[in-house]
Amino acid sequence: MVMASSAAASSSNGGPKPPVVLGCGAVSADYLATVASFPNPDDKIRSLTLKVQGGGNTGNALTAAARLGLRPRIISKVSNDPQGRNILKELQDDGVDTSYILVAEEGNSPFTYIIVDNQTKTRTCIHTPGYPPMVPEELTQANLFAALDDVDIVYFDVRLHETALVVAEEASQRKLPILIDAERKRDGLDELLNFASYVVCSAKFPQAWTGASSTPVALVSMLLRLPNIKFIIATLGEKGCLMLERSITDASEAEEIDVESLLESLEQKVVLSSMPKCIASKSNLRISADGVGSISGRLLLGTAEIIPSEELVDTTGAGDAFIGAVLYGLCSGMPPEKMLPFAAQVAACGCRALGARTGLPHRSDPRLAGY
C-alpha cells in the first residue's frame with residue numbers, strides 16, 4: 001500500500017494562503033453516456049455522447065472548492081489501475097492535495113456508469129465500489145495528524161464511514177468545524193451527525209431520518225436532536241433550498257411561530273427571477289413544530305437559477321457543487337443570505353455541461369462576479 005503523490009495548490013504571490021478544507025469520502029471514475037431517452041428493458045440504443053471523468057461526492061465537492069479558491073485535501077482510496085491513476089491526475093490538475101489517498105496495488109478503483117436522459121433531463125447511476133475497501137487501520141496516526149494540520153473545516157460524505165469516524169473524532173478534539181453531506185441513510189451516518197457543525201442534506205433525507213410530517217418540521221426535529229448543529233440546509237433541486245439556522249442567543253421568551261406558517265410567509269415573498277435569491281425570516285425567532293418542540297433561530301428560503309431547457313445538460317454532481325460552494329462560503333465568512341444564492345449559482349453552472357466537473361466555475365467566472 002502506498003500514498004498518492006500531491007500536487008497541492010499553494011499561494012504563489014507570497015500573500016496569505018487560502019483556507020484548507022479536508023474531505024474524507026468517495027472518489028471514483030464516472031462513465032457518462034447521454035441518450036435520446038432512457039431505454040426500455042431489453043432495448044438496444046446508441047449513446048449520443050460519451051465522457052469519462054472523475055466523480056464521487058467528495059472528489060466533486062472538493063474540486064468545486066478548489067476552483068473557487070480553497071486548498072482541499074482528500075482522504076480516500078483507489079487502486080493502481082487506469083481508473084485510479086486518472087482519478088488522482090484529475091484531482092491534482094485542479095490543485096487538490098491527494099497525499100492522503102491510499103493506492104492499493106491490487107483490486108479495482110470505484111467507478112460509476114451514468115446514463116443521462118436528454119428527454120427528461122434526469123440521470124441514472126450504477127455504482128461499483130472500490131475493492132479492497134478502505135479500513136481505519138490504513139490511515140496511520142501520522143497521516144491523520146498531518147492531514148488535519150492547519151485545516152479550517154472538515155467535510156464528510158459518509159462513505160468510508162469507519163475511517164471517517166476516526167477522522168471526525170480527532171477533528172472534534174481539535175474543535176474543527178465539520179460539515180456532513182446527508183444524502184441518504186448510510187452506515188455510520190448517525191454517529192457522524194453527532195460531530196456535525198453543519199449539515200447539507202437531500203430533499204428526502206430530513207423526513208426519512210426523523211419520520212416528521214414535512215421537511216420544515218423535520219428540520220426543527222433535527223436541530224433539537226443534534227444540539228451542536230449550527231444550521232441545516234435541505235437542497236430541493238430546481239425548487240432551491242431551505243435552511244434552518246440556530247440562533248446564538250436564546251429566544252425562549254419570544255412568541256412562538258409555527259415553522260410551516262413561517263415557510264408559507266417566506267414563499268409569498270418570492271419574486272419570480274431567473275437568478276438565485278434568498279428570502280430570510282427575522283433573526284432569533286422561537287420556531288415551533290407541532291408535536292416536536294421549538295428552537296431559537298431563523299428560516300431561510302433560497303431559490304434556484306431558472307436554467308433554460310436548451311442550456312440544461314446534466315444534473316450529475318449538482319449537490320456536490322452546491323456543497324463545494326457552501327464550504328467556500330463558510331471559509332470566506334459569507335452570510336447565509338449571500339451564501340445560498342452563491343451556492344445555487346455554482347450548482348447551476350455545473351448543470352450546463354456533461355459530468356459533475358466539466359462546468360464547475362472558477363472564482364473569477366463572470367457569473368460569480370456579483371458575489
Side-chain angles (χ1 to χ4, degrees), residues 3-27 54-78 87-103 139-140 142-157 159-160 163-164 167-168 170-172 174-181 197-198 200 317 320-334 338-339 342-343 346-347 349-350 356-357 359-365 368 371:
M3 306 299 293
S5 61
S6 168
S10 60
S11 179
S12 58
N13 58 8
K17 290 184 177 181
V20 177
V21 54
L22 173 66
C24 177
V27 296
N57 292 38
T58 294
N60 295 337
L62 295 194
T63 296
R67 293 190 188 181
L68 293 172
L70 300 186
R71 288 188 296 151
R73 302 170 184 163
I74 295 184
I75 294 174
S76 193
K77 184 176 182 178
V78 297
I87 288 167
L88 294 175
K89 184 179 185 304
E90 273 192 51
L91 292 169
Q92 291 163 3
D93 287 349
D94 264 305
V96 178
D97 186 342
T98 62
S99 301
Y100 307 100
I101 294 182
L102 292 159
V103 181
L139 180 63
T140 65
N143 279 332
L144 172 61
F145 288 0
L148 285 165
D149 190 35
D150 296 326
V151 162
D152 294 274
I153 190 167
V154 184
Y155 159 66
F156 299 98
D157 67 4
R159 277 24 175 257
L160 315 178
T163 302
V167 179
E170 182 61 30
S172 181
R174 297 179 183 217
K175 296 185 167 43
L176 294 172
I178 291 172
L179 186 147
I180 302 290
D181 172 9
S197 316
Y198 313 100
V200 179
D320 303 332
F322 186 95
I323 286 175
V326 168
L327 289 167
Y328 175 84
L330 288 168
C331 288
S332 58
M334 277 188 185
K338 183 178 178 182
M339 180 178 72
F342 175 76
V346 170
C349 291
R357 301 183 189 175
L360 290 176
H362 291 80
R363 190 66 184 92
S364 57
D365 192 298
L368 305 181
Y371 304 96

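Nearest approach of P18 to G69, heavy atoms of both residues: CB-O, 3.0 Å. Between A321 and L360 the shortest heavy-atom distance is CB-CD2, 3.5 Å. Across all non-hydrogen atoms, the minimal contact from G55 to N60 is CA-OD1, 3.3 Å. Shown here for G95 and P72, the closest heavy-atom pair between the two residues is O-CD, 4.1 Å. Of all non-hydrogen atoms in A164 and C24, the two that sit nearest each other are CA-SG, 3.9 Å.
For the pair L22/Y155, no side-chain contact is recorded, criterion being any heavy-atom separation below 4.5 Å from C-beta on. Looking at F322 and V200, their side chains come closer than 4.5 Å, going by heavy atoms from C-beta outward. The shortest distance between side-chain heavy atoms of R363 and L368 falls below 4.5 Å. Under the 4.5 Å side-chain criterion, counting only non-hydrogen atoms from C-beta, L179 is not in contact with F156.
We find the OH-CD1 distance between Y198 and I153 to be 6.0 Å, quoted to the nearest 0.5 Å. A distance of 12.0 Å separates NE2 in H362 from SG in C349, rounded to the nearest 0.5 Å. Taking CE from M334 and OH from Y371, the interatomic distance works out to 9.0 Å, rounded to the nearest 0.5 Å. One finds the CD atom of E90 at 12.5 Å from the OG1 atom of T98 (value rounded to the nearest 0.5 Å). Interatomic distance, D149 CG to R73 CZ, rounded to the nearest 0.5 Å: 6.5 Å. Between the CD1 atom in I323 and the CG atom in N57 there is a gap of 7.0 Å [rounded to 0.5 Å].
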Pair S76, L102 - check side chain to side chain contact (heavy atoms under 4.5 Å, CB included), show working. CA-CA 6 Å; S76 193; L102 292 159; over 6 Å; no
Please evaluate residues L91 and I74 with respect to the criterion side chain to side chain contact (heavy atoms under 4.5 Å, CB included), reporting the C-alpha separation (whole Å), side-chain torsions for both, the decisive distance (0.1 Å), and the verdict. CA-CA 9 Å; L91 292 169; I74 295 184; 4.0 Å; yes
Step-by-step side chain to side chain contact (heavy atoms under 4.5 Å, CB included) determination, V151 to V21: CA-CA 6 Å; V151 162; V21 54; over 6 Å; no
Test log, rule side chain to side chain contact (heavy atoms under 4.5 Å, CB included), inputs M339 and V326: CA-CA 7 Å; M339 180 178 72; V326 168; 4.0 Å; yes
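Screening N143, V20, V154, I75 for a side chain to side chain contact (heavy atoms under 4.5 Å, CB included) involving L148 leaves a single residue, V154.
Using a distance-only test at 3.5 Å, with no hydrogens or angles considered, a donor-acceptor pair links the side chain of D97 to the main chain of S99. Judged purely by atom type and a 3.5 angstrom limit, S197 uses its side chain to pair as donor or acceptor with the backbone of I178. A side-chain donor-acceptor contact under 3.5 Å links D157 to the backbone of A26.
Judged by the 6.0 Å distance and 45° axis criteria, R67 is not positioned over the aromatic ring of Y328.
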